[in-house]
Amino acid sequence: MKRIVTNGITNLEPLQGSSEWYWGADYASNDLYEAEEMFRSGHPVQKNRLILIHRLEGTVYEPVITKPGQYLGKPVCHNGQIVLLLVDFPEGEIRILSFREADGTTEPLAVLPLSIVTDCYNLMLETSPLLLTRSAHDNRFQILWPERRDFTVADNEYFAFLEGNKLYTSVWYEDPDYREEVLVRDYETGEVLERIPGNLRVMPDGQNWLLV
């Protein structure tokens, strides 16, 4: 039995885009949106911890030691590179960080003003390609980095992946039976080009499977 010291973080998930890495966080102030609400209401944000674990060796990394008012979101892996999302509420910044396994540290890929979003509701990194996205309350899906897009989407519709000029999303219905389909949208206009019945699943290594 391998003993893995996580200092209290025991809820681990496979890292999106990788079959070799797991991640976990302690959600000290719940999720990123709730941490933002606490900050805006004048309450202290309990900084959270995030760990990465390499499955083969069981090596544990804590790549960012957050400061008060900073909060980490869900990381992803893109083309073998682990990328983290950090929001610094006092500084009003969104930071996208690249993790270096060699020394367990990070370096910035992008620093964006927090003012580019109304709030941090469903603010997250996605792949592929590597994107910073936000799904708003009002059926808006936004791509914030590395370029800007803003689409109107259906209820229960979620980003899947971007391939060339086609944006793939997954949507579910209960009419009355539960079913799913994949929508193919034009990346420039958001127009629905195709509807494909089936359940889309992203595999740990980043492959997209359509289950029909």
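The closest side-chain heavy-atom distance from Val5 to Val60 is not below 4.5 Å. Counting only heavy atoms from C-beta outward, the side chains of Glu101 and Ile82 never approach each other to under 4.5 Å. Counting only heavy atoms from C-beta outward, the side chains of Ile116 and Arg148 approach each other to under 4.5 Å. Put simply, the side chain of Val153 does not reach to within 4.5 Å of the side chain of Leu183, judged on heavy atoms. Looking only at side-chain heavy atoms (C-beta outward), Leu130 and Leu109 come within less than 4.5 Å of each other. Side-chain contact between Pro75 and Val83 is absent, with no heavy atoms from C-beta onward closer than 4.5 Å. Side-chain contact between Tyr187 and Ile143 is present, with at least one heavy-atom pair separated by less than 4.5 Å. Annotation: side chain of Arg49 is in contact with side chain of Asn7 (closest heavy-atom distance under 4.5 Å).
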If you apply the rule side-chain contact (heavy atoms from CB on, under 4.5 Å), what do you find for Ile94 with Leu144, and how did you get there? CA-CA 11 Å; Ile94 300 169; Leu144 304 163; 5.5 Å; no
Step by step, would you call Leu114 with Cys120 a side-chain contact (heavy atoms from CB on, under 4.5 Å)? CA-CA 9 Å; Leu114 186 56; Cys120 291; 3.9 Å; yes
What do the steps show when you test Thr133 against Phe141 for side-chain contact (heavy atoms from CB on, under 4.5 Å), and what is the final call? CA-CA 7 Å; Thr133 71; Phe141 173 70; 3.7 Å; yes
Audit row: Leu200, Glu180, side-chain contact (heavy atoms from CB on, under 4.5 Å) steps and yes/no: CA-CA 8 Å; Leu200 187 65; Glu180 294 185 24; 5.7 Å; no
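Minimum heavy-atom separation, Tyr121 to Ser135: CD2-O, 3.2 Å. What you find for His78 and Thr127 is that their closest heavy atoms are CB-CG2, 3.8 Å. The minimum heavy-atom distance linking Gln142 with Asp150 is given by the pair NE2-OD2, 3.2 Å. Residues Gly24 and Ile9 come closest through the heavy atom pair C-CG2, 3.6 Å. Pairing each heavy atom of Trp23 with each of Lys74, the nearest pair is CZ2-CG, 3.5 Å. Closest of all the heavy-atom pairs between Asp175 and Arg179 is OD2-NH2, 2.9 Å.
In terms of hydrophobic clustering, with Ile, Leu, Val, Met, Phe, Trp and Tyr side chains grouped at heavy-atom distances under 4.5 Å, Leu84 and Val117 are assigned to a common cluster. When the side chains of ILVMFWY residues are joined at heavy-atom separations under 4.5 Å, either directly or via intervening members, Leu32 and Val64 end up in a single hydrophobic cluster. Cluster annotation: Met124 and Leu167 are assigned to distinct hydrophobic clusters (Ile/Leu/Val/Met/Phe/Trp/Tyr, side-chain heavy-atom contacts under 4.5 Å, transitive). Phe159 is not connected to Leu210 by any chain of hydrophobic side-chain contacts under 4.5 Å among Ile, Leu, Val, Met, Phe, Trp and Tyr, and they are in different clusters. Under the 4.5 Å side-chain heavy-atom criterion for Ile, Leu, Val, Met, Phe, Trp and Tyr, Ile53 and Leu50 are members of distinct hydrophobic clusters.
Rounded to the nearest 0.5 angstrom, Glu191 CD and Arg185 CZ are separated by 9.5 Å. The distance from atom CG of Leu132 to atom CD of Glu126, rounded to the nearest 0.5 Å, is 9.5 Å. Atom CH2 of Trp21 sits about 7.5 Å away from atom OG1 of Thr59, to the nearest 0.5 Å. Atom CG of Leu72 is separated from atom CD1 of Ile51 by 12.0 Å, given to the nearest 0.5 angstrom. Between Tyr61 atom OH and Leu52 atom CG the span is 9.0 Å, to the nearest 0.5 Å. In this structure, Arg140 CZ and Asn122 CG are separated by 15.0 Å, a value rounded to the nearest 0.5 Å.
Defined by atom type and a distance below 3.5 Å, a donor-acceptor pair is present between the side-chain atoms of Glu181 and Tyr173.
Ring-plane geometry between Phe89 and Phe39 is classed as parallel, the angle between the planes falling under 30 degrees on a 0 to 90 degree scale with a further cut at 60. Between Phe161 and Tyr168, the ring-plane angle classifies as parallel under the 30° and 60° cut-offs.
Screening Glu37, Glu36, His43 for a side-chain hydrogen bond (donor to acceptor under 3.5 Å, both in side chains) with Arg40, the sole residue that qualifies is Glu36.
A donor-acceptor distance shorter than 3.5 angstrom exists from the side chain of Arg134 to the backbone of Asp119, with no hydrogens or angles considered. A donor-acceptor pair under 3.5 Å is absent between the side-chain atoms of Arg95 and the main chain of Asp88, judged by distance alone. A side-chain donor-acceptor contact under 3.5 Å links Thr66 to the backbone of Asn48.
Applying the ring-ring contact (aromatic ring centres under 6.0 Å, His included) test to Phe151 and every residue at least two apart in sequence or in another chain returns nothing.
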